[in-house]
Amino acid sequence: MMDDDNFFTNLDRPGDAFQNRLRNAPRDDDGDGDVPMAGAVPPLFNDDSDAPETPLQHLIRHWMNERHAPDVLPIAEDVLAALLDHIRRQSETVQLLRSDPSSSEDEHFRIMLAQTEVERAKFVVRSYLRMRLFKIEKFARYVMTNPEVQQRLSENEVDHARRFAKLTDQHFYNSVLQGLPGNQQTLDDKPPFLPPMVAEPDKSLAIFVHARQRCPPVRLPDGSTLTMEKGHISLTPYSVVEQLVLRGEVELV
């Protein structure tokens, strides 16, 4: 019986040809009776920061950070490009093997499971991009008035934010603002005791953060300091750990 390397976890591992890993995958009926799978239930967090991340694991971390952070985070453009290229090549290989008349029934079953894994990766990519698009549209005018935030976006995202902000401004003007006095026809007013008219991320939002390594001390709103050791989980305002998130020292959960 061959070693039971977790085949589906290693689909995105560089090195061996995907076709060979697919054809040499362990048979479901190898061995006598049911054999417990090592690591069948993975730990909630992987504290082994020295272990290299696959492109899919890397994107999942960016995806979770994007989902929980109130602000728009820097786009993982290189990771996205590498993973999309891998998905394309893997999909082409699956289609090639599926059309191979010499493939056995067991191989076709494994091909189907491999295709399912490809769809899982596509779901993560789509969800990551949709979450970014949701934030960009929600904070379009905030994005266009902050060059620092624009640097976190791809060229296409900046272009979309610019067009969306322009359409929104035009809609507000045609619907309401043109009927107001001239000094009240802009969206840049900051009336006292009222929230700003331009939506901005609420960085005081409380988030759960998991330390991927020992982090330098951060100052809490009450003036005290917090030092997170590797593996530590804290509930804190996003503004407190924003720089740690951007540097990749912590991840949001």
Side-chain angles (χ1 to χ4, degrees), residues 9 12-14 39 41-83 124-125 127-136 138-155 157-158 161 190 195-196 198-253:
T9 302
D12 45 9
R13 180 189 63 196
V41 180
L44 181 58
F45 302 110
N46 181 12
D47 287 334
D48 187 6
S49 57
D50 296 331
E53 286 183 323
T54 65
L56 180 57
Q57 290 171 331
H58 197 175
L59 184 63
I60 288 176
R61 181 159 56 83
H62 283 282
W63 172 45
M64 295 302 294
N65 286 346
E66 198 70 62
R67 288 186 61 186
H68 296 295
D71 203 355
V72 184
L73 300 180
I75 185 170
E77 203 160 11
D78 293 340
V79 180
L80 265 177
L83 186 58
V124 174
V125 171
S127 182
Y128 174 69
L129 294 177
R130 285 173 178 170
M131 176 54 64
R132 291 185 60 82
L133 184 62
F134 169 77
K135 289 184 180 180
I136 290 169
K138 182 178 181 180
F139 305 122
R141 297 196 84 253
Y142 163 78
V143 169
M144 297 315 301
T145 55
N146 286 269
E148 180 184 352
V149 178
Q150 294 177 34
Q151 293 178 1
R152 305 176 189 172
L153 278 56
S154 67
E155 292 183 8
E157 288 175 333
V158 173
K190 294 184 178 180
V198 177
E200 298 182 2
D202 181 11
K203 295 187 179 182
S204 65
L205 182 70
I207 47 89
F208 283 99
V209 59
H210 170 249
R212 304 180 64 234
Q213 62 187 60
R214 192 179 191 278
C215 302
V218 292
R219 185 170 297 278
L220 299 175
D222 62 1
S224 60
T225 59
L226 171 67
T227 301
M228 292 183 290
E229 300 291 339
K230 180 179 177 180
H232 185 79
I233 299 177
S234 299
L235 176 63
T236 179
Y238 174 75
S239 58
V240 172
V241 295
E242 180 179 8
Q243 294 304 316
L244 299 181
V245 174
L246 296 177
R247 295 199 299 263
E249 298 177 15
V250 299
E251 58 189 359
L252 306 184
V253 295

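Heavy atoms only: backbone and side chains are in, while hydrogens, waters and symmetry mates are out.
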Output, in order, the C-alpha distance, side-chain angles, deciding distance and verdict of side-chain contact (heavy atoms from CB on, under 4.5 Å) for M64 and L252.
-> CA-CA 6 Å; M64 295 302 294; L252 306 184; over 6 Å; no
May I have the step-by-step check of side-chain contact (heavy atoms from CB on, under 4.5 Å) for F139 and V149, ending in yes or no?
-> CA-CA 10 Å; F139 305 122; V149 178; over 6 Å; no
Before giving the answer on side-chain contact (heavy atoms from CB on, under 4.5 Å), spell out for V125 and L83 the whole-Å C-alpha distance, their side-chain angles and the decisive distance to 0.1 Å.
-> CA-CA 9 Å; V125 171; L83 186 58; 3.9 Å; yes
Take V240 and V209 through the side-chain contact (heavy atoms from CB on, under 4.5 Å) test and state the conclusion after the steps.
-> CA-CA 11 Å; V240 172; V209 59; over 6 Å; no
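In terms of heavy atoms, P201 sits closest to P70 at CB-O, 3.5 Å. Shortest non-hydrogen contact noted between Y142 and A199 is CB-O, 3.4 Å. Of all heavy-atom pairs spanning V158 and M144, the tightest one is O-SD, 4.1 Å. Between P74 and L246, the shortest heavy-atom contact is CD-CD2, 3.5 Å. In terms of heavy atoms, A140 sits closest to A161 at CB-O, 3.9 Å.
Between I207 and V241, some side-chain heavy-atom pair lies under the 4.5 Å cut-off. You'll find the side chain of D71 reaches within 4.5 Å of the side chain of K203, heavy atoms only. Contact of the L226 side chain with the C215 side chain is not registered, since no non-hydrogen atoms from C-beta on lie closer than 4.5 Å.
In this structure a side-chain-to-backbone donor-acceptor pair under 3.5 Å is present from Y128 to A76. Remark: the backbone N or O of E148 is not paired with any side-chain donor or acceptor of N146 at under 3.5 angstrom. Between the side chain of T145 and the backbone N or O of R141, at least one donor-acceptor pair lies under 3.5 Å. Looking at E249, its side chain never comes within 3.5 Å of a backbone N or O of R214 through a donor-acceptor pair.
Note that CE of M228 is 10.0 Å distant from CD of Q213, once rounded to the nearest 0.5 Å. To the nearest 0.5 Å, atoms CG (L59) and CG (L129) are separated by 8.0 Å. Between L205 atom CG and T236 atom OG1 the span is 11.0 Å, to the nearest 0.5 Å. In this structure, CZ on F208 lies 14.5 Å from CD on E251, to the nearest 0.5 angstrom. The distance from atom CZ of R212 to atom CZ of R247, rounded to the nearest 0.5 Å, is 13.0 Å. Here the CD-CD distance, from Q150 to E155, works out to 12.0 Å after rounding to the nearest 0.5 Å.
More than 12 heavy atoms of other residues, nucleotides or ligands sit less than 6.0 Å from atom CD of E229. Annotation: R130, atom CZ; neighbour count of heavy atoms from other residues, nucleotides and ligands within 6.0 Å does not exceed 12.
The list of salt bridge (charged side-chain N to carboxylate O under 4.0 Å, His left out) pairs with a residue in residues 59-70, not counting sequence neighbours, reads E53-R61, E66-R132, E66-K135.
S154 is linked by a side chain to side chain contact (heavy atoms under 4.5 Å, CB included) to I75, E77, N156, E157, counting only residues two or more places apart in sequence or in another chain.
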